[in-house]
Amino acid sequence: MLRLSTLFLRTLRDDPADAEVPSHKLLVRAGYVRRVAPGIYSWLPLGVIVQENVATVVREEMNRIGSQEVHFPALIPREIFEESGRWAAYGDTLFRLKDRKDVDYLLAPTHEELFTLLVKGEYSSYKDYPLALYQIQTKYRDEARPRAGILRGREFVMKDSYSFDISHEGLEKSYRAHRDAYERIFSRLGFDYRIVFAVSGAMGGSASEEFLAPAPSGEDTFVQCTNCDYAANTEAVEIAAPQRHDPQDHPPQQVLDTPDTPTIDTLVERMRDLGHDTTAAATLKNVVLRTRAPGADAWELLVVGVPGDREVDLKRLAGQLEPVVVEQAGPEDLATQPGLVKGYIGPQALADLKVRYLVDPLVVEGSAWVTGANAEGKHAADVVRGRDFTPDGEIGAVEIRDGDRCARCGSPLEIARGIELGHVFQLGETYAKTFGLTALDQNGKPVTITMGSYGVGVTRAVAALAEQTFDEKGLCWPRIISPADVHLVATGKDDTVFAAAETLAAELEAAGVRVLFDDRRGVSPGVKFKDAELIGVPTIAIVGKGLADGTIEVRDRKSDECRDVPVADAAQAIVTAVRD
RNA sequence: CGGGGAGUGGCGCAGUGGUAGCGCACCAGCUUUGGGUGCUGGCGGUCGGGGGUUCGAAUCCCCCCUCCCCGACCA
């Protein structure tokens, strides 16, 4: 039983000045956490309990799919990250330190290396697999800008797990098992969440999905269909392309004099003057970028074609091209290819110039465009894909807009913000290859192990749940992670009130109900009620005024519904409420 | 790294040159006991740091540091 008379807790009336998002304000005000340094927090007793409750659910579901708990150090010698290349690759985000002998160490931001090495040291036969391991551990990332309190810290607790399989089919199965486990975890924790497609990124895996909790304070932007269950983050999203046409179904292309029209706006205006009813959406904008493959030292030009009313989303491109680096081309890059006339670039000439050309899927086969004619002051109309030019490929390049159409069902998409709760990810052989994690197969031949990587932010889940459940009065926890089942308030100066409350508390505890008992003497009722609401335990029971009539009040924190229950029935009524 | 804002008791804030104050919290007493009760008296601060101007600096000048927000970044 937690007693407020002795609990290490001090609630605050005012929001902390440095807090912006609701979870941060409330977790501080209600005495769950205190800030120590940017992105670094201390957890007070109530916070520890809530965090532990989240961890318990995560453990149960990991164990249920046969994953086994291990624990790695956070302090790791440089060599291990040197071997994976991440001592250099991680950059400033890695916390680095030295021991007394001047040897380099790091505080682990994640543990792929250690999981891989551990398994390598123990297992060597195909008979040992499949295997799944996990840990719940503190991670360290020197974020450029920690923000939003607990939501993005430099020190945070994460459950990370890895699956090890000898075949891709095995990996698929392991991935599925983790995905299912994550669905159970987030459902049980009481989240409203979405599973969104993500890009697989640098690790070269084939599947990657994120679990996002929609919240205005979320820092991830994602796209969801207003009709079907399609959702993707903005880097991975696909949108419906327009109908294809027969490329021959258009008048022949014609070159037009369009002096001083290097931008889409000036071009549209000029076309109007020429008597054409051209909109920006009917023009084809060709943006010059440059790419560099990993290990290469030279940049290569890449031109991307998008409708003129759209911007190119570099982040989205980068996500798809990774590990190839992409950025805006500068004047010096353009200078290497005199055939590209700035402001008047058209795809008609790119093949001859041997410049790689990709189009957004919105530029469908058979579509006709007004675009550059590759000469100063010249544009061309009725330039048709499949007739007048053929791109080297398609890539989702345009900035997604609210109202774009779902690729699956054609309904409008909407853009929303979310908090990334978890990530499931087919890592593949990357780390197994780096560290030589293999197993002998039935024929005695070594096969490389294929891995999956799965993460849940435990401390972040606490804050995210606060974000999704708080109200104007304070926190409002789902029962499963609440620091207690019932917040029992004794109010009044009469000893009989406190005696009755003590009895009730003991009965509840005997019935297995977790009780937070406000047994403070000399604290006014208003203060106790406000504290109870701020702390956010789902059921509040009040022993006070009603005791004279032989009743105890039982109140639901969320709905505010309340009823008076005879003292004799109170324990049973609360047990029932709590077991709902 | 770019832009904006801010550093004054534990927390939230006021204080434009005269030697630091209010609210919350905390301690003592009285009061009050169903919505942060009221009154009285207390504890607690080298005003982010350094230098300068001045008889005198939280306040003016210079340099530095830190924090918050937006953006960039975030396997």
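Reminder, nothing fancy here: chain letters follow the sequence lines and each chain counts from 1. Everything numeric here is computed off the predicted structure, so don't read it as measured data.
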Considering only the [atom1] atoms, how many Å lie between [N] and [M], rounded to the nearest integer?
N	M	atom1	value
B:rG7	B:rG50	C1'	16 Å
B:rG45	B:rG2	P	38 Å
B:rU46	B:rU59	P	16 Å
B:rG21	B:rA72	P	47 Å
B:rG12	B:rA6	C1'	14 Å
B:rC61	B:rU54	P	16 Å
B:rA14	B:rC65	C1'	25 Å
B:rG49	B:rU66	C1'	10 Å

_A side-chain contact here means heavy atoms from C-beta on lying under 4.5 Å apart; do A:K98 and A:Y105 qualify?_
no

*Going 5' to 3' along nucleotides 1-8 of chain B, which nucleotides have protein heavy atoms under 4.0 Å from the base (write B), which only from the sugar-phosphate (write S), and which from neither (write -)?*
--------

Ion pair check, [X] and [Y], cut-off under 4.0 Å:
X	Y	value
A:E219	A:R417	no
A:R557	A:D471	yes
A:D495	A:R521	yes
A:R147	A:E20	no
A:R194	A:E210	no
A:D531	A:R29	no
A:K545	A:D564	no

Proximal nucleotide (of [options]) relative to the [X] side chain:
X	options	answer
A:R147	B:rC74, B:rC68, B:rC69	B:rC69
A:M158	B:rU33, B:rA75, B:rC68	B:rA75
A:A17	B:rG34, B:rC68, B:rC13	B:rC13
A:K530	B:rC69, B:rG36, B:rA75	B:rG36

Distance check needed: [N] [atom2] versus [X] [atom1], whole Å only.
X	N	atom1	atom2	result
A:R520	B:rU32	CZ	C1'	16 Å
A:I540	B:rG34	CD1	P	17 Å
A:R141	B:rC74	CZ	P	12 Å
A:D494	B:rG34	CG	P	12 Å
A:E472	B:rG36	CD	P	16 Å
A:H423	B:rC74	NE2	P	14 Å
A:L4	B:rG36	CG	P	18 Å
A:D518	B:rG36	CG	C1'	13 Å

_Students often mix this up, so state it plainly: with edges at 30° and 60°, are the rings of A:Y129 and A:F164 parallel, tilted or perpendicular?_
tilted

So [X], base contact, sugar-phosphate only, or nothing? Heavy-atom distance under 4.0 Å.
X	answer
A:R555	base
A:T93	nothing
A:E533	base
A:A148	sugar-phosphate
A:E553	base
A:R29	base
A:G91	nothing

With distance as the sole criterion, is a donor-acceptor pair present between the side chains of [X] and [Y] under 3.5 Å?
X	Y	value
A:Y175	A:S163	no
A:S23	A:K25	no
A:Y162	A:Q135	no
A:D142	A:T93	no

*Find which nucleotide of RNA chain B each of A:F529 and A:R152 is nearest to by heavy atoms, and output the residue with the more 5' nucleotide.*
A:F529

*Find which nucleotide of RNA chain B each of A:A19 and A:D15 is nearest to by heavy atoms, and output the residue with the more 5' nucleotide.*
A:D15

*Say you draw a straight line from NE2 of A:H487 to CG of A:L516; how long is it, rounded to the nearest 0.5 Å?*
4.5 Å

*Is the phosphate of B:rC74, meaning OP1 or OP2, less than 4.0 Å from a side-chain N or O of A:R154?*
no

_Under 4.0 Å from OP1 or OP2 of B:rU37: is there any side-chain N or O of A:S524 that close?_
yes

*Just jot down the salt bridge (charged side-chain N to carboxylate O under 4.0 Å, His left out) partners of A:D560, sequence neighbours excluded, or say none.*
A:K473, A:R555

What pairs of nitrogen or oxygen atoms, one from the protein and one from nucleotides 24-31 of chain B, lie under 3.5 Å apart?
unit_1, atom_1, unit_2, atom_2, d
B:rC24, O3', A:R13, NE, 3.4
B:rA25, OP1, A:R13, NH2, 3.1

*What would the secondary structure line of RNA chain B be in dot-bracket form, counting Watson-Crick and G-U wobble pairs under 3.5 Å, with [ ] for pairs that cross earlier ones and | for pairs with another strand?*
((((((((.[[[[.)..(..]]]].(((((.......))))).....[[[[[..)....]]]]])))))))....

*Looking only at atom types and distance, does a side-chain atom of A:D402 sit under 3.5 Å from a main-chain N or O of A:I415, one as donor and one as acceptor?*
yes

Just the atom pairs and distances: protein N or O near nucleotides 40-43 of chain B's N or O, under 3.5 Å.
none

*Pairwise ring-ring contact (aromatic ring centres under 6.0 Å, His included) hits with a residue in residues 7-29 of chain A, at least two apart*: A:H24-A:Y41

*For the side chain of A:D531 and the base of B:rG36, is some donor closer than 3.5 Å to an acceptor across the two?*
yes

